[in-house]
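Structure, as structure tokens:
To find a chain, count down the sequence lines: A is the first, B the second, and so on, and within it residues start at 1.
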Amino acid sequence: MSDHSGLLPGTLDLLILKAVSLGKLHGYGVLLRIEQISGGALQIQQGALYPALYRLEHQGLIDSEWGTSDNNRRAKFYQLTATGRRRLGEETASWNRLADAIARSLATTPQEL
Amino acid sequence: MRSRVRSLWRALTGRTPVEREMDAEFRLHMELRAEDLMRAGLAAVDAKRQARLEFGIPERYKHEARRARGLLPFDALGVSWLDFKLGGRMLVRYPGLTVVGGLAAAFAIAVGAGVFEFATQTMSPALPFPEPDRLVAVRLWDPARLREERRVTGELAVWRSLRTVRDLGAFRATERNLTGAGVATGEPVVVAELDASAFRVARAAPALGRLLVDADAATGAAPVAVISHELWRARFAADPRVVGRAVRLGERPVTVVGVTAPGFGFPLYHDVCVPFPSGPPVDATSPGPEILRIFGRLAPGATLEAARAELAAATARAAAELPPSHARMRPRVDTFADAVSQPLMTGDPRAVIGLQLFLVALVVLVFGNVALLVFARAATRESELVARSALGATRARIVTQLFAEALVLGGLGAAGGLAVAAAVVRWTFREMQSQGTRLPFWMHESLAPRTMLWAAALTLLGAAVSGVLPGLKITRGLQARLRQAAAGAGGVRLGGVWTAVIVAQVALTVAFPVTAFFARRDAQQLRTFDPGLPTRQYLVARLEMEQETASGTRGDTSTDALVRRARAAAVALEQQAESQPGVVGVSFASVLPAMDHPQRRIEIEGLARQDSANAPRVSSVDAAPDWFAVTGAPALAGRLLAAGDVGTRAVVVNAAFVRHVLRGGPAVGQRVRYLDPDDEDAPRPVGWQASPWYEIVGVVPDLGMSDGSDPNETGAGIYRPAAPGPSTYLAVRVAGDPRAFATRLRELAAGVDPTLRLYDVKSLDQVPAAGQRATTFLYQALAVVSALALLLSLTGIYTVMALTVARRTREIGVRVALGSDRRRVVAAIFRRPLTQVGAGVLAGALIVALLVRGVLGRLTAVEVAFVAVYAALMMGVCLLACVVPTRRALGVEPTVALRAE
């Protein structure tokens, strides 16, 4: 996989799914949306977004169609499929479990052992 | 899965559009980013540079994107849509190769697919049911006789108790006349006695009414029947009110309760289903009636192995209750598909594999011929290939391109071949059905999907042979030739393999049309065969008497009783038919004129007895004494048969008998006996040497005592006086169109005795038609194959010659310019191709000679001359293919030749 700095492996796909679950987006829009919803905390190597988008499309998790952007330019828009929506739910739950576990682990004090 | 296939397909077929899309997306991204940066205060130039930097290297992401879509393996091969487009363009640019190669491919695929379809349908049928692998058949295997024992008795009860096999049921078939109000009269119907579980096993649903249920078989239940969809359409005119109608099967009244779905015939085929008779077997120690099939479905969770183990254990437990004769028999459970195909392939799965190997070999051979042509074309494109190689194309890339071109050509031919195969399969099925062959329910007249897959695999193989092989050969040493190209030296040559291909091709070209010629001779003989009587005036039919008597009860089932009933019915039918208007006469015979007559060896009293192999073989017909009166045949010598002759040893012979057996000598008063028993299949009684002597009392004209198909049959024959038996042929001589009398005849027969069955009711001139159609078809098929072989062969020879000349144009030019004798130049160049053609013609002539000696039998002098002239002609035609390139070579101007590459 490409090096999208600051991201754990596999999390880019999850973020893309989340971004497009909030509405139809073109590639650059996905980038902006991720920055927006992460409060600018997550930086993505911009070009790396596209192989991830194609992979998700290939897996049938997102769908694409050509349309017109806000400023009237031809752009390819991505949206979540039913499978993608299911996957997003599973991945979110799994991520939360992992995050909880890690948080708990890191919060452990010597007294608790 | 679907999205993956779609994504891969789009990426493969539209590689350029996909790349273009990616470019557009990347560009838009960078533009939007630059605009954002400009809004943040950057100058336009800086914003654009910054956006590009942030994006990264587009080519790298494109590569990753292709990997994400699973395209990298294809990139390695270098296949692109362009290759296929180029292949399409090549078809137009080289129409000769397109036609010849396409026809060859079509032929190979047609044979490959057609034979595969027949083989899989008979050897490994695909059953049209849910979970066909769980359908099983239980059989009693007789290891001593290596066959299935169908007289299953007490075993059935044991098998029904199995827990691993559910819904065990039995099936046997009989034929009955179907009569009743609103039933169109026609051929007798196949009645299946079937356990109701058959419908559960096959998961069948009725088209109308209901199917059989277990209660139908209970003692005292009302007799019911379920009819097939096909019978419903044919005999009941698809009348929806058929449910509840009372009909008769033979003499047994039944009520129709339902119609099966179209095509349903489990477990074999049938027109009518009635419940399998219930109740305990008559006597466990006596052989029961023949059961054709015992079937069931594996219980949920049970495996075939578990069923086998349970069956073995149950059989061992029940051994004491089974007849002693069955002690050595082994019951077996197999999947239903294995059980139905087993008798056909005698338990050897290698038959299928062997056949597949044969088909693969055929495809390789035919496409090998195409490869020769492709190779020649590639050789003429050598400069293009050298140039591409110089520009950096790898060998794999060039071979891939040639493969793609071959695939386009092969695919085109394969599509045509599949269409031909589908037509032939359909024709054959219809032909078999029109001749009364009943096909098992799982056989279908269309090509199965797996045959399509098989054809696709064969096409890929063919494309590999005809694309990759020439590609590898032409690209071998391409780099070396690249260095020599400027000097104009070298060039590709045809090696030993190609020589073998050409020789084999020419040999087949010579041999095929000869076989076609003889097949045509047979077809013509059949067509022009004169049975010696006006066949258009006779309506004929096969009569069969049912063994069972009225109302299905088994009264006196002895053979004598059957013969008496048959005789009475035949006499009654004859009397009633003769009283009909337009009927000239009615008679009976064991074989009809122009049918295939069984041959029997005979001996003439007083003539030196010959060893058994050389004893004369003649036809023998048991005919009613009025046979000659009805056919209007006069006595050529002596007298005709009379009613009083039945039961005596008086016989008449035909004119051919006098000519061929008695060598024109006197016939009347001679005595003759048979050295073969009446029934060829029955075991010969111990000590049986010959039949009693029969006395010839008269001679009659030849009345079609052979079907004309075998030139070795003389048509000599003997007529024995006989009364009609339980299985005989009926001939009705009618003034006018005999077929108009068919319906009336059926009505009369049904009135005389409902158990008297009529088959194949047709006019006598239609009798030999079936054989004729098959022979004509064979001839036409051979003619097509011959024409293809000829075309391929001539094109091959022409190609090789043209290639030879093209390779050596410069040499020819130089030699002619230096004053060489043109004849010597020609001889030097064409020595090798001519040797190949000569060897091919010789090999072909040898094949023909072997064929003529081994298979085709006697030839007339004219036919021998024909074969000789034909071989010479073929040599000439093959040489003709050399003429054009030769003339071109000699016409080359030396200045042109020196400029040639």
Side-chain angles (χ1 to χ4, degrees), chain A residues 1-6 9-10 12-13 16 19 25-36 40 43-87, chain B residues 1-15 17-40 42 44 47-75:
Chain A
M1 266 316 293
S2 55
D3 56 331
H4 21 82
S5 48
L12 178 61
D13 289 6
I16 293 175
L25 291 169
H26 53 65
Y28 186 60
V30 173
L31 181 84
L32 293 182
R33 179 60 51 83
I34 291 176
E35 282 182 6
Q36 181 200 359
Q43 291 288 319
I44 299 169
Q45 174 78 49
Q46 296 183 12
L49 189 66
Y50 290 92
L53 281 169
Y54 299 147
R55 187 172 54 246
L56 292 172
E57 191 185 2
H58 187 61
Q59 291 169 357
L61 301 178
I62 58 176
D63 222 348
S64 71
E65 61 181 357
W66 284 87
T68 318
S69 72
D70 296 340
N71 47 11
N72 236 353
R73 268 185 277 197
R74 243 170 75 72
K76 197 174 170 191
F77 285 91
Y78 296 90
Q79 59 185 351
L80 211 56
T81 62
T83 324
R85 193 165 298 284
R86 236 184 354 262
R87 176 69 67 84
Chain B
M1 183 65 205
R2 231 180 47 212
S3 66
R4 274 165 210 246
V5 172
R6 199 175 50 212
S7 149
L8 190 63
W9 172 247
R10 257 178 50 201
L12 269 180
T13 53
R15 181 157 162 192
V18 166
E19 299 257 319
R20 231 180 277 138
E21 275 187 14
M22 278 198 255
D23 283 338
E25 256 192 302
F26 292 0
R27 202 166 44 240
L28 178 74
H29 183 112
M30 285 184 257
E31 282 169 14
L32 291 174
R33 179 68 189 152
E35 282 167 20
D36 278 355
L37 289 169
M38 275 154 66
R39 273 195 288 278
L42 252 64
K48 278 185 186 164
R49 196 177 55 225
Q50 177 72 19
R52 275 204 301 276
L53 277 174
E54 283 180 10
F55 189 86
I57 305 159
E59 283 310 313
R60 180 180 143 195
Y61 297 124
K62 274 192 205 168
H63 180 78
E64 278 182 22
R66 292 185 65 72
R67 178 157 63 196
R69 287 183 155 135
L71 286 175
L72 289 190
F74 294 93
D75 286 356

Modelled atom types, side-chain donor and acceptor of B/E25 and A/Y54, under 3.5 Å: yes
From CZ (B/R33) to CD (A/Q46), nearest 0.5 Å: 5.0 Å
Neighbour count above 12 (heavy atom, 6.0 Å) for B/I57 CD1: no
Closest contact, heavy atoms only, A/W66 versus B/A24: CH2-CB, 4.0 Å
Contacting moiety of B/L28, where chain A heavy atoms sit under 4.5 Å: side chain
Part of A/L32 within contact of chain B (heavy atom distance under 4.5 Å): side chain
Selection from A/R74, A/R73, A/H26 maximising heavy-atom pairs under 4.5 Å formed with chain B: A/R73
Shortest non-hydrogen separation from B/H29 to A/G27 and the atoms involved: ND1-C, 4.3 Å
Nearest-0.5 Å distance, OH of residue B/Y61 to CG of residue A/L53: 13.0 Å
